[in-house]
Protein chains: 2
Amino acid sequence: MSEQVKAYYHQLVPGMQEEDWIALQEKFTFQQVKKGSFLTRNGEISRQVSFITRGLVRIFYLAGEKEICTGFICENEYVSAYASFLTRQPSAENIDALEDCELVHLSFDDMQALYKSNPVFEIFGRKIAELLFIQISSQTTRLLTMVPEERYQSIIQFQPFIIQRVPQYMIASFIGITPEHLSRLRKKMTGK
Amino acid sequence: MSEQVKAYYHQLVPGMQEEDWIALQEKFTFQQVKKGSFLTRNGEISRQVSFITRGLVRIFYLAGEKEICTGFICENEYVSAYASFLTRQPSAENIDALEDCELVHLSFDDMQALYKSNPVFEIFGRKIAELLFIQISSQTTRLLTMVPEERYQSIIQFQPFIIQRVPQYMIASFIGITPEHLSRLRKKMTGK
DNA sequence: CTACACGGTTGATAAATGTTAAGAAATTAT
DNA sequence: ATAATTTCTTAACATTTATCAACCGTGTAG
């Protein structure tokens, strides 16, 4: 199970040594969660980043009654209420499991300890921050430069797992429209 | 002029030593640019991150004929076509000066060299990535959870320098609406 | 098997936002 | 100071999107 994490870590920090991996691995805690359970609730301070070895989660905000999704993360990716994790401020985000999940957690405190113990982990931390930046940055761009139909198309093209595994009404909020409107857009698109 | 950068660096990495600062400072290149000149054009690979000691720049995309702003950065902040900088891929973003600017550049190659020379610079790189993540993350959230009027209000509240120093039609694209519509929203808001 | 909850669709209508065009106001250049 | 350019505003109209409500299909718990 942690072989998956090792592969990810290798890809992120190619120069890593076996002993680094062993030190990192010691900090991992493993968890299985059922569909529907929460990893983070708004108001809590996020205490960890989590690598997903199996399953799918969503990140979402509560705006009044409505749930607005800002991300879907599946196996072989890191997920976190990262802004809260970094700032130690209560999270505005919720994270819950859309499928049964297997997770590998790395806590904030352990991560700080790793940073101090060996600079190679700074690289790890930097790479994760950079990766998350690139991901969210492209989402902001899509929101500003594309109309909803184009945003949906770009999910089909670049994140097809979302189409397969996420309910449509959640995808709708992810691209900034109502479920009804997405339904109509889809109908229009098949006509073409 | 580089005292400003030093203060920023200190705040970012409190544990830094004077010798670290000296090593960093040696890599700086200084530049003054006139209003209207470009720091980065789309298609180019971004070669640097730039600290702004004076002035104001915008980051924007070209969507057909239209310019869509994704950020305004002023003095005492870092600016970069950061996705391009990190991935070494051609930038989709443009950056130009909205005012005469004084800039302190740090090149990609120098930054890599610093990373290798001393782990403390990894912290610096990580902190910058984390900071940029937090900034863009909150922008994505605003785009998904707020209506245009609320987004404009949040600029007034949290980034008033934008209201003072950026033409309204650029702010309009930043919050995802047309200049005409922003004009109407403003009129409506003063009535309240 | 039946009833119910959930996700998705559809239609009618309302609200928000975009487009086009014109002119006013402000800024910049001569 | 005047002209030229840019930015902002306004209005009429078109388009997009949201809202509300009803209904359909599917799966599932009793």
Side-chain angles (χ1 to χ4, degrees), chain A residues 34-37 56 58 60-69 72 96-100 142-156 161-192, chain B residues 33-37 55-56 58 60-69 72 96-100 142-156 161-192:
Chain A
K34 285 283 175 198
K35 175 175 173 171
S37 45
L56 173 64
R58 71 168 165 162
F60 69 99
Y61 285 78
L62 293 173
E65 299 287 284
K66 289 178 188 165
E67 297 177 348
I68 296 173
C69 300
F72 304 102
D96 68 355
L98 296 185
E99 302 173 357
D100 295 350
R142 282 193 299 270
L143 283 170
L144 283 172
T145 63
M146 295 177 176
V147 297
E149 183 175 333
E150 292 168 334
R151 300 203 283 272
Y152 187 72
Q153 296 275 18
S154 89
I155 294 176
I156 293 175
F161 80 92
I162 293 179
I163 309 288
Q164 309 304 324
R165 296 162 67 181
V166 175
Q168 216 165 284
Y169 73 93
M170 291 183 187
I171 298 175
S173 80
F174 182 64
I175 60 181
I177 61 176
T178 60
E180 295 92 337
H181 191 55
L182 177 55
S183 177
R184 286 182 190 112
L185 288 180
R186 278 165 45 86
K187 188 180 180 184
K188 195 179 90 182
M189 286 162 61
T190 57
K192 285 178 184 170
Chain B
V33 302
K34 285 285 173 196
K35 175 174 175 173
S37 46
L56 173 64
R58 70 167 166 163
F60 69 100
Y61 286 77
L62 293 173
E65 299 288 283
K66 289 177 188 164
E67 297 177 348
I68 297 173
C69 300
F72 304 102
D96 68 356
L98 296 185
E99 301 173 356
D100 294 349
R142 281 193 299 268
L143 284 170
L144 282 172
T145 63
M146 296 177 174
V147 298
E149 183 174 335
E150 291 168 335
R151 298 203 283 273
Y152 186 73
Q153 295 275 18
S154 89
I155 294 175
I156 292 174
F161 80 92
I162 292 179
I163 308 289
Q164 309 304 325
R165 296 162 67 181
V166 175
Q168 216 165 283
Y169 72 95
M170 292 184 188
I171 298 175
S173 79
F174 182 64
I175 60 181
I177 60 176
T178 59
E180 294 89 341
H181 191 55
L182 178 55
S183 178
R184 282 187 287 246
L185 289 179
R186 278 165 45 86
K187 188 180 181 186
K188 196 179 91 183
M189 287 162 62
T190 57
K192 285 178 181 170

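Protein chains get the first letters and strands the later ones, always in sequence-line order, with residue 1 at the start of each. Just so we're clear, the structure is a prediction, and the values are computed from it rather than from any experiment.
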Query raised in the report: At their closest point, which heavy atom of Phe72(B) faces which heavy atom of Val166(B), and how far apart are they?
Result: CE2-CG1, 3.5 Å

Query raised in the report: Side-chain N or O of Lys188(B) less than 4.0 angstrom from OP1 or OP2 on dA15(C)?
Result: no

Query - Atom-to-atom span, CG of Leu143(A) to C1' of dT17(C) - whole angstrom - result: 17 Å

Query raised in the report: Can you tell me if the side-chain N/O atoms of Lys187(A) get under 4.0 Å from OP1 or OP2 in dT10(C)?
Result: yes

Query raised in the report: In whole angstrom, what separates Met146(B)'s CE from dA16(C)'s P?
Result: 18 Å

**Report entry** Shortest non-hydrogen separation from Met146(B) to Glu150(B) and the atoms involved
**Finding:** CA-OE1, 3.2 Å

Query raised in the report: Val166(A) or Leu185(B): which one's nearest nucleotide on DNA chain C is closer to the 5' end?
Result: Val166(A)

Requested in this report: Nearest whole angstrom, please: distance from the P of dA18(D) to the CD of Glu180(A).
Outcome: 9 Å

Query - Spacing between Leu182(A) atom CG and dG7(C) atom P, to the nearest angstrom - result: 14 Å

Report task. Taking only the side-chain heavy atoms of Arg186(B) (C-beta and beyond), determine which of dT9(D), dG8(C), dT19(C) contains the nearest atom. Result -> dT9(D)

Query raised in the report: Closest approach of Cys69(B) and Ser173(B), non-hydrogen atoms and distance?
Result: N-OG, 2.9 Å

Report summary line: Closest of dC20(D), dC8(D), dT9(D) to the Ser183(B) side chain is dT9(D)

Query raised in the report: NA contact type, Pro179(A), heavy-atom cut-off 4.0 Å: base, sugar-phosphate, or nothing?
Result: nothing

Report task. Find the distance Lys66(B):NZ to dT20(C):C1' and express it as a whole number of Å. Result -> 12 Å

Query raised in the report: Taking the side chain of Pro167(B) as heavy atoms from C-beta outward, which of dA21(C), dT7(D), dT17(D) is closest to it?
Result: dT7(D)

Query raised in the report: Taking all atoms of both residues into account, what is the closest heavy-atom pair of Phe161(A) and Leu56(A), and its distance?
Result: CE1-CD1, 3.6 Å

Requested in this report: Grab the CD1-C1' distance between Ile163(B) and dC8(D) for me, whole Å please.
Outcome: 14 Å

Report task. Would you tell me if any nitrogen or oxygen in the side chain of Thr178(B) comes within less than 4.0 Å of OP1 or OP2 on dG18(C)? Result -> yes

Query raised in the report: Less than 3.5 Å between a donor and an acceptor, one on the side chain of Arg184(A) and one on the base of dG11(C), is that the case here?
Result: yes

Query - Whole-Å distance separating the CE atom of Met189(B) from the P atom of dA16(C) - result: 15 Å

Query raised in the report: Should Gln168(B) be listed as having a side-chain N or O under 4.0 Å from OP1 or OP2 of dT6(D)?
Result: no

Report summary line: DNA chain D nearest-nucleotide lookup for Met170(B) and Ile177(A): closer to the 5′ end is Met170(B)

**Report entry** From dT19(D), dT19(C), dT17(D), nucleotide with atom closest to His181(A) side chain
**Finding:** dT17(D)

Query raised in the report: Rounding to a whole Å, what distance do you find between Lys35(A):NZ and dT28(D):C1'?
Result: 12 Å

Query raised in the report: With a 4.0 Å cut-off, would you call Lys34(A) and Asp100(A) a salt bridge?
Result: yes

